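Every chain is numbered from 1, with letters handed out A, B, ... down the list of sequences. Basis for what follows: all heavy atoms, side chains included, without hydrogens, waters or symmetry-related copies. Quick caveat: nothing in here was measured; it's all calculated off a predicted structure.
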Amino acid sequence: MKSPISFVIFVIFLFFLVSSAHPGMKRQHYPCKNLVFYFHDVIYNGKNANNATAAIVGAPEWGNLTILADKFHFGNIAVFDDPITLDNNFHSTPVGRAQGMYMYDTKNTFTAWLAFSFVFNSTEHKGTINFIGADPVLVKSRDISVVGGTGDFFMHRGIATIMTDSYEGDVYFRLRVDIKFYECW
Amino acid sequence: MKSPISFVIFVIFLFFLVSSAHPGMKRQHYPCKNLVFYFHDVIYNGKNANNATAAIVGAPEWGNLTILADKFHFGNIAVFDDPITLDNNFHSTPVGRAQGMYMYDTKNTFTAWLAFSFVFNSTEHKGTINFIGADPVLVKSRDISVVGGTGDFFMHRGIATIMTDSYEGDVYFRLRVDIKFYECW
Amino acid sequence: MKSPISFVIFVIFLFFLVSSAHPGMKRQHYPCKNLVFYFHDVIYNGKNANNATAAIVGAPEWGNLTILADKFHFGNIAVFDDPITLDNNFHSTPVGRAQGMYMYDTKNTFTAWLAFSFVFNSTEHKGTINFIGADPVLVKSRDISVVGGTGDFFMHRGIATIMTDSYEGDVYFRLRVDIKFYECW
């Protein structure tokens with residue numbers, strides 16, 4: 001009788017030895033938390049100082065600071081402080097701010113590169129979520145990295161799926177962000 | 001006799017099955033390493049070329065490169081190479097350099113966005129620590145993400161708590177950084 | 001007979017209890033995936049618009065946008081969209097794009113700070129890899145952080161070792177990037 005039980009113990013032991021040696025194999029591929037937000041960007045164009053939430057602060061030699069540059073805006077850097085809303089209405093009460101920058105980084109198509117934070121300070125959410133990643137603007141759905149968080153999002157990591165929900169010329173765009181956390185702490 | 005032992009094995013098995021399926025539940029919320037530093041930023045203003053450790057390199061249309069812009073510096077980007085010290089004395093021997101950038105990103109209050117590295121090359125510490133995050137300057141204590149590290153800080157992650165320790169007008173400020181690593185490798 | 005088996009179970013139980021409480025102790029220090037690429041940067045200098053893959057978009061007060069600034073380029077920000085190749089030949093078919101920015105951040109030596117993504121969309125690789133970190137250009141081999149990934153590189157983290165493989169004046173440089181993932185999911 002000893003032998004079958006020892007065998008079971010041995011198998012369990014092997015199982016955990018293997019799973020310990022390869023912790024990567026245990027990671028879960030479904031989100032431990034999922035949040036959807038919209039944010040709204042109004043670029044300063046020299047005439048909309050009151051409404052603007054973003055400003056061009058870097059431009060290539062052929063550009064300037066009140067209009068996005070030729071060549072697919074290649075080289076433009078914008079700094080932004082955009083309202084975050086729960087639905088796609090620009091006039092909804094903001095639940096937080098999206099703060100950081102984007103830059104256009106290709107001269108033969110529209111692609112951007114993003115580095116920003118979501119900043120929350122409400123009864124619903126307190127803390128920040130930090131993002132970076134490539135944003136091929138013309139692709140319907142694109143993924144960037146959630147590289148960290150603080151407060152309610154302490155140490156969180158994940159993927160944010162971004163979709164352009166609407167835009168008006170070069171002045172306004174609205175992004176839908178579907179945040180899927182895979183490390184929640 | 002077989003039955004109770006089998007039951008114990010079964011319970012242990014279940015326990016580890018559950019803990020494997022939810023690795024997030026095992027994470028520890030106390031730091032595995034804790035370091036405190038100060039760093040010192042002297043912004044170039046056209047007259048202090050010798051002492052300056054930072055320079056404005058991006059500005060909105062209404063700004064320039066020798067003075068932080070109106071509207072709470074919204075749109076200013078500064079690049080810096082600041083000395084890191086162990087105490088709050090600007091003249092202490094630096095133990096490393098804080099290198100990267102900050103940008104002011106709100107037009108109705110002071111908030112910044114940070115992306116930088118601590119670079120160490122001493123007997124005490126060798127390697128780098130990489131940070132990004134939102135910095136609401138007027139809040140006493142604010143948290144940003146430690147998103148990675150190299151050398152002594154290989155693959156580390158954590159939270160850095162930043163406090164403004166001192167400032168003089170728009171030219172000098174000193175930050176206290178309390179780095180708490182929660183993933184140490 | 002019960003007693004020795006119970007003891008074995010108890011020891012196994014303790015072992016996993018300890019390893020659960022200190023997940024950091026199980027991390028592996030050898031890569032779960034390793035990739036080597038080259039990327040090629042041609043900086044716009046006012047005359048090479050067709051070939052340029054990067055443009056200066058930020059400069060300090062003493063600089064401009066067609067030539068890297070004095071004082072070791074301190075304060076220059078460049079945005080880039082560089083071809084990635086499998087070997088060190090600029091004319092090889094690109095397998096992806098390196099997109100993002102670098103900035104020079106020291107005024108008494110050459111150091112840069114990097115924030116960019118590798119973007120792949122081929123049969124070989126689909127997805128992105130996101131990097132940030134300090135780049136002391138004159139050091140032969142320097143490490144930056146891989147802070148996240150998407151697609152084939154979903155949630156990956158690691159270290160990228162960068163070497164300057166070649167350069168020509170201030171206009172062209174080629175980097176060799178050895179990406180070692182330590183978290184593969």
Quiz item: For chain C, which residues from residues 83-110 of chain B lie under 4.5 Å away (heavy-atom distances)?
Solution: B:Q99, B:G100, B:M101
Quiz item: Where do B:T161 and B:D143 land on the side chain to side chain donor-acceptor pair (under 3.5 Å) test, with the steps shown first?
Solution: CA-CA 5 Å; B:T161 300; B:D143 286 347; 2.8 Å; yes
Quiz item: Which members of residues 119-130 of chain B, sorted by number, sit under 4.5 angstrom from chain C on a heavy-atom basis?
Solution: B:V119, B:T128, B:N130
Quiz prompt | Closest-packed option against chain C by number of heavy-atom pairs under 4.5 Å, given B:T150, B:I56, B:I132 | solution = B:T150
Quiz item: Is any side-chain heavy atom of B:L35 closer than 4.5 Å to a side-chain heavy atom of B:F181?
Solution: yes
Exercise. Let me know which of B:V137, B:I144, B:I179 forms a side chain to side chain contact (heavy atoms under 4.5 Å, CB included) with B:I162.
Key: B:I144
Quiz item: Is B:N51 reaching over with its side chain to a backbone N or O of B:N48, donor-acceptor style, under 3.5 angstrom?
Solution: no
Quiz item: Of all heavy-atom pairs between C:C184 and C:H156, which one has the smallest distance, and what is that distance?
Solution: O-CE1, 2.6 Å
Quiz item: Is it the side chain or the backbone of B:A59 that comes within 4.5 Å of chain C heavy atoms, both, or neither?
Solution: neither
Quiz item: With sequence neighbours excluded, what pairs up with B:Y38 under the ring-ring contact (aromatic ring centres under 6.0 Å, His included) test?
Solution: none
Self-check item: Approximate separation, where rounding is to 0.5 Å, of C:S141 OG and C:R176 CZ
Solution: 9.5 Å
Quiz prompt | No-hydrogen, no-angle side-chain donor-acceptor test under 3.5 Å, B:T111 and B:R142 | solution = no
Self-check item: Top of C:G148, C:G58, C:P60 for chain B proximity - count of heavy-atom pairs under 4.5 angstrom
Solution: C:P60
Quiz item: C:F116 vs C:F80 aromatic rings, parallel, tilted or perpendicular, using cut-offs 30° and 60°?
Solution: tilted
Exercise. Determine, using ring centers only, whether C:F39 and C:F173 are less than 6.0 Å apart.
Key: no
Practice problem: Would you mind checking which part of B:A49 comes under 4.5 Å of any heavy atom in chain C, side chain (CB onward), backbone (N, CA, C, O), both or neither? | Solution: both
Exercise. Kindly compute the distance separating CD1 (B:I159) from OG (B:S145), expressed to the nearest 0.5 Å.
Key: 5.0 Å
Practice problem: Salt-bridge test for C:R157 and B:E183: reply yes if a basic N is under 4.0 Å from a carboxylate O, no otherwise. | Solution: yes
Self-check item: Neighbours of chain C found in residues 61-77 of chain B - heavy atoms under 4.5 Å
Solution: B:L65, B:T66, B:I77
Quiz item: Atom NE2 of B:H40 and atom CG of B:L175: how far apart are they, to the nearest 0.5 Å?
Solution: 9.5 Å
Exercise. List the steps, then state whether side chain to side chain donor-acceptor pair (under 3.5 Å) holds for C:H29 with C:Y182.
Key: CA-CA 7 Å; C:H29 282 235; C:Y182 294 93; over 6 Å; no
Quiz item: What part of B:F118 is in contact with chain C, defined as an atom under 4.5 angstrom from a non-hydrogen atom: side chain, backbone, both or neither?
Solution: neither
Quiz item: C:P136, C:A115, C:G158, C:A112: which one forms the most heavy-atom pairs within less than 4.5 Å of chain B?
Solution: C:G158
Practice problem: I would like to know whether B:D165 and B:R174 meet salt bridge (charged side-chain N to carboxylate O under 4.0 Å, His left out); could you show each step before the answer? | Solution: CA-CA 5 Å; B:D165 195 59; B:R174 178 171 69 231; 2.8 Å; yes
Practice problem: Decide whether B:D82 and B:T53 meet the rule of one side-chain donor and one side-chain acceptor closer than 3.5 Å. | Solution: yes
